[in-house]
Structures are given as structure tokens and as C-alpha cells.
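Notes to accompany the following structure.
Chain letters run A, B, ... following the sequence lines, proteins first and then strands; every chain starts at 1.
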2 protein chains.
Amino acid sequence: MTTNGNLRGRILEQARVLLLKEGYSAVSMRKIAKAVGCTPTSIYIYFDNKDALIHALIEEGMELLAVDLGSASKLDSAPRPRFRRICMAFLEFGIQNPEYFQIMFLLHPEKMERYPTDKYRRARRNLELFADILREIRGGSSFDTMLSATVLWSLLHGAISLHLAQRLDVGLPASTFIEQVVEHAETMLLSESS
Amino acid sequence: MTTNGNLRGRILEQARVLLLKEGYSAVSMRKIAKAVGCTPTSIYIYFDNKDALIHALIEEGMELLAVDLGSASKLDSAPRPRFRRICMAFLEFGIQNPEYFQIMFLLHPEKMERYPTDKYRRARRNLELFADILREIRGGSSFDTMLSATVLWSLLHGAISLHLAQRLDVGLPASTFIEQVVEHAETMLLSESS
DNA sequence: CCGTAAAGTTAACGTTGTTAACCAAAAAGT
DNA sequence: ACTTTTTGGTTAACAACGTTAACTTTACGG
């Protein structure tokens with residue numbers, strides 16, 4: 001509360017800076033402490049452990065993504081171009097913010113599993129945004145649209161991970177790839193019949 | 001060459017055992033050494049560093065996947081069920097071998113990027129397997145099919161990662177999910193027109 | 001039998017996440 | 001106003017990590 005203070009905020013800020021500037025491997029408690037001008041131990045006053053700190057960053061990223069998706073969904077009134085725009089926004093978010101995307105969706109691997117699921121409510125809300133558009137465009141039961149939205153989510157998610165992992169053909173420009181992804185996504189949701 | 005020896009093989013074996021039994025975090029040079037009955041330093045005789053060792057495991061996994069996909073593609077002569085079967089095989093490989101899948105596709109994050117790309121030739125061959133089927137079913141140029149195969153690859157890849165990351169609705173059974181994924185994959189490749 | 005090269009070991013360096021013990025200053029209680 | 005408790009922070013250390021330099025042992029060719 002002191003005027004100097006707000007140490008918690010500064011820790012988060014420097015952690016984010018380190019993450020975005022030098023990648024995930026550079027995010028160590030000691031480096032954050034040095035950047036913020038305190039001791040590594042102090043961080044444990046505000047965060048239970050490194051995972052908790054990372055988790056706070058994940059929430060930041062979720063917020064950022066939600067903003068991106070939200071503003072993208074307000075640009076078009078017609079559902080079809082809106083759908084395209086939202087898919088694009090998600091793909092571009094992942095490509096433009098690889099570090100955030102990594103900790104948000106690719107990282108959790110081992111210990112993250114026991115983390116509070118309700119903290120991912122924001123992520124769920126993003127998924128529901130896709131489901132809403134699907135329902136608007138092609139109708140269907142709530143269960144079906146949610147299911148399709150999940151599949152769509154998988155497609156977008158996988159496209160970004162493969163791009164970030166540089167597993168795509170080097171001769172394939174990213175722009176045509178993501179365009180094709182959106183194209184396929186559209187055909188996928190258009191002709192849903194089974 | 002001595003009868004006791006083949007230390008390189010034993011290292012790889014124990015690394016794999018540790019990976020599959022206790023997860024990626026348990027794979028440390030020291031633990032492998034202890035499990036195999038040698039010193040950590042000895043590992044560096046056969047592997048440049050930990051990444052190189054992991055990379056050898058990745059190749060193992062790629063081989064395993066290739067076998068799965070290959071045998072799946074021989075079960076059906078008709079292209080459509082064969083397509084389904086191969087998608088299923090890939091999805092099931094990821095779900096059944098989470099540790100392998102993790103190091104094969106999800107891990108690379110930071111340093112892996114400078115790794116020899118040609119070592120992923122096996123992965124590319126798997127991709128071409130999908131492209132071949134696409135060409136067989138719906139024709140099209142080599143470029144288009146490869147592009148569609150990449151998108152399909154993204155979908156399958158993303159579906160597995162989300163499942164492994166437990167980002168899917170808890171009420172959604174894995175079996176219906178992967179079934180829906182294959183379903184959507186099928187509609188995606190059937191009505192390609194743009 | 002000797003010299004050389006390969007295979008393995010010991011011991012250490014620097015880094016990591018995390019914790020116990022301690023200290024100072026502010027807040028609260030009486 | 002004085003004491004007590006809580007809060008915010010530090011120092012020092014532990015155990016584990018990947019990796020390397022220097023040394024020792026083993027095997028083998030001449």
C-alpha cells in the first residue's frame with residue numbers, strides 16, 4: 001500500500017517483460033527479483049510458487065485474448081464475416097504473442113494439472129463466443145454447437161501450435177496458411193449434417 | 001561392444017522408461033544415470049546434451065507413430081473408411097502415449113528450434129500419408145492437397161493437445177469428442193471447393 | 001610389454017525453485 | 001504511551017538440475 005510499493009504489481013510486470021523479451025526460459029524467480037530490485041524470497045510473499053506466478057500471467061493473457069476477440073466480433077454485423085474475423089483474431093493473437101500463447105495453452109504440462117479449473121473460466125467464455133456464432137449461423141442444439149465449437153477451437157489451437165513449433169513447410173507463408181485454416185473452418189461449420 | 005555394454009542402448013531404454021512411467025519432469029540426467037547404473041557424465045559420451053537424448057526419444061516416438069499409421073492404412077481398401085481409420089489412429093496414438101506426444105510435438109519450445117529439421121523427415125512422411133489419401137479421395141493439385149493435409153494435421157494435433165491439457169469440458173467423453181473430430185475432418189475435406 | 005585411444009569416474013561450477021530463521025517497521029490492543 | 005502482534009522483507013541455505021574439466025581405468029595394436 002505504501003507509495004514505493006505495489007511490489008506484487010511490479011513483480012508481475014517484470015515477469016511479463018522477461019517473458020515477452022527473452023522467452024519462457026528466462027523467467028526465473030531470481031531474474032525477476034533482480035529486475036524488480038528485490039530478493040527472490042519476496043516473491044513468495046505474493047505468490048505461492050512459480051506456477052502461481054505463471055498462472056497470473058496466464059490470466060493476463062486470457063484477458064488480452066478476450067479483448068482481441070471481443071473487438072473483432074464487433075467489427076462485422078453479418079455472422080459469416082464476423083466468424084471469419086474472430087477466427088483470424090485468434091490465430092493472429094497466437095502468432096503475435098507466442099510467449100503468451102505458450103504459457104496459456106501449451107505449457108501446463110506436468111504440475112499445472114492440479115490447478116483450479118475455474119480459473120480457466122475466461123477461456124471457457126472465449127469458447128462460448130465461438131459457440132454463439134455457430135448457433136447464430138447454422139442453429140442446432142446447445143450441445144451440438146458446443147461440440148462443434150470445441151472442434152473448431154482444436155483446429156485453431158493446433159494451427160497456432162504447429163506454426164509456433166515451426167512444424168510447417170518452410171515454403172508455406174504463414175498468411176496463406178492461416179487463410180486456408182479459416183477457409184476450412186468455414187466449410188467445416190457450414191455443412192454440418194451428421 | 002563388450003557383452004555387458006551397449007550402454008547407449010540402456011541409457012535410451014531407461015530414459016524411455018522414466019519418461020513413460022513418471023513423466024517428462026522425471027527425466028533428468030542424474031536419474032537416468034542412477035537407473036542405468038552409471039554416472040551422469042557417462043551419458044555425455046553418447047549424447048551431446050539432454051536435448052540430443054530427448055531427440056533420440058522423439059525419433060523413437062516418430063517410428064512408433066509411423067507404424068501405427070501404416071498398419072491403420074492397411075486395414076481398409078476403400079479410401080473413405082481408411083481416412084477415418086488413419087485419423088483415429090493418430091488421435092489414439094496421442095491419447096495413449098501422452099508422454100511421447102508431448103516430447104514429439106509439444107515440447108521443443110525454446111532451444112529445440114535450432115535442431116536439425118531433416119530429422120523430422122519422418123513426421124513429414126506422416127503428413128504426406130494424409131496428403132496421399134486426400135488426393136486419392138478428392139483429387140486436386142499437389143499443393144492444394146498438401147495444404148489441406150496440413151490443416152487436417154492441425155486439427156488432429158490441436159484436438160490431442162487440448163485433450164492432454166485437460167482443456168475440454170469434463171462432461172464430454174473423450175470417445176465422442178474424437179469421433180466428432182473425425183466427423184468434422186471428413187466434412188472438411190469432402191466439400192473442398194474454394 | 002608398452003603406448004595410445006577409448007570409456008568412465010570424481011569433483012566441481014553455476015544455475016534452478018523453495019524454505020527456515022531472522023529482522024525491521026508498522027498496526028493494534030490495552 | 002507502552003507492549004504485542006502482524007506484515008513485508010532479507011540472509012543463508014538445501015537439494016536438485018545440466019554440464020564440464022581433469023583424472024583414472026580399461027582395451028587393444030604394434
Practice task
State which of C:dT16, C:dG8, D:dG18 makes the closest approach to the side chain of A:R30.
Solution key: C:dT16

Practice task
Using whole Å, report how far CZ of B:R8 lies from C1' of C:dG8.
Solution key: 17 Å

Handout entry: Whole-Å gap separating P (D:dA16) and NZ (A:K50)
Key = 19 Å

Exercise for the section: Spell out, as yes or no, whether a donor-acceptor pair under 3.5 Å connects the side chain of A:K50 to the backbone of A:V27. Expected result: yes

Exercise for the section: Take A:L12 and A:F47 through the side-chain contact (heavy atoms from CB on, under 4.5 Å) test and state the conclusion after the steps. Expected result: CA-CA 10 Å; A:L12 248 137; A:F47 302 94; 3.5 Å; yes

Problem - Non-neighbouring partners of A:E63 that pass side-chain hydrogen bond (donor to acceptor under 3.5 Å, both in side chains), sequence neighbours left out - result: A:R122

Exercise for the section: To the nearest Å, give me how far apart CG (B:L7) and P (D:dA27) are. Expected result: 14 Å

Exercise for the section: Any salt bridge (charged side-chain N to carboxylate O under 4.0 Å, His left out) involving residues 28-40 of chain B? Give me the pairs, sequence neighbours left out, ordered by first then second residue. Expected result: none

Handout entry: Test side-chain hydrogen bond (donor to acceptor under 3.5 Å, both in side chains) applied to B:Y100 - qualifying residues, sequence neighbours left out
Key = B:E60

Exercise for the section: Grab the NZ-P distance between B:K34 and D:dG18 for me, whole Å please. Expected result: 13 Å

Practice task
Among residues two or more places apart or on two chains, list those pairs meeting salt bridge (charged side-chain N to carboxylate O under 4.0 Å, His left out) that have a residue in residues 73-97 of chain B.
Solution key: B:D76-B:R85, B:R80-B:E186, B:R82-B:E136, B:R84-B:E183, B:R84-B:E186

Exercise for the section: Any ring pair (Phe, Tyr, Trp, His ring centres under 6.0 Å) involving residues 63-99 of chain A? Give me the pairs, sequence neighbours left out, ordered by first then second residue. Expected result: A:F90-A:W153

Provide a list of protein-nucleic acid N or O atom pairs under 3.5 angstrom, restricted to nucleotides 23-28 of chain C.
none

Handout entry: Counterpart residues, side-chain hydrogen bond (donor to acceptor under 3.5 Å, both in side chains), relative to B:S71 (two or more places apart)
Key = none

Problem - Whole-Å distance separating the CD1 atom of B:I32 from the P atom of C:dG8 - result: 16 Å

Handout entry: Rounded distance (Å) that lies between atom C1' of D:dT10 and atom CE of A:M29
Key = 16 Å

Exercise for the section: For DNA chain C, find the residues of residues 36-48 of chain A with a heavy-atom distance under 4.0 Å and give them by number; none if there aren't any. Expected result: A:T41, A:Y44

Exercise for the section: For B:L53 and D:dT19, give me the distance from atom CG to atom C1', rounded to whole Å. Expected result: 14 Å

Problem - B:S42: partners by side-chain hydrogen bond (donor to acceptor under 3.5 Å, both in side chains), with sequence neighbours left out - result: B:T39

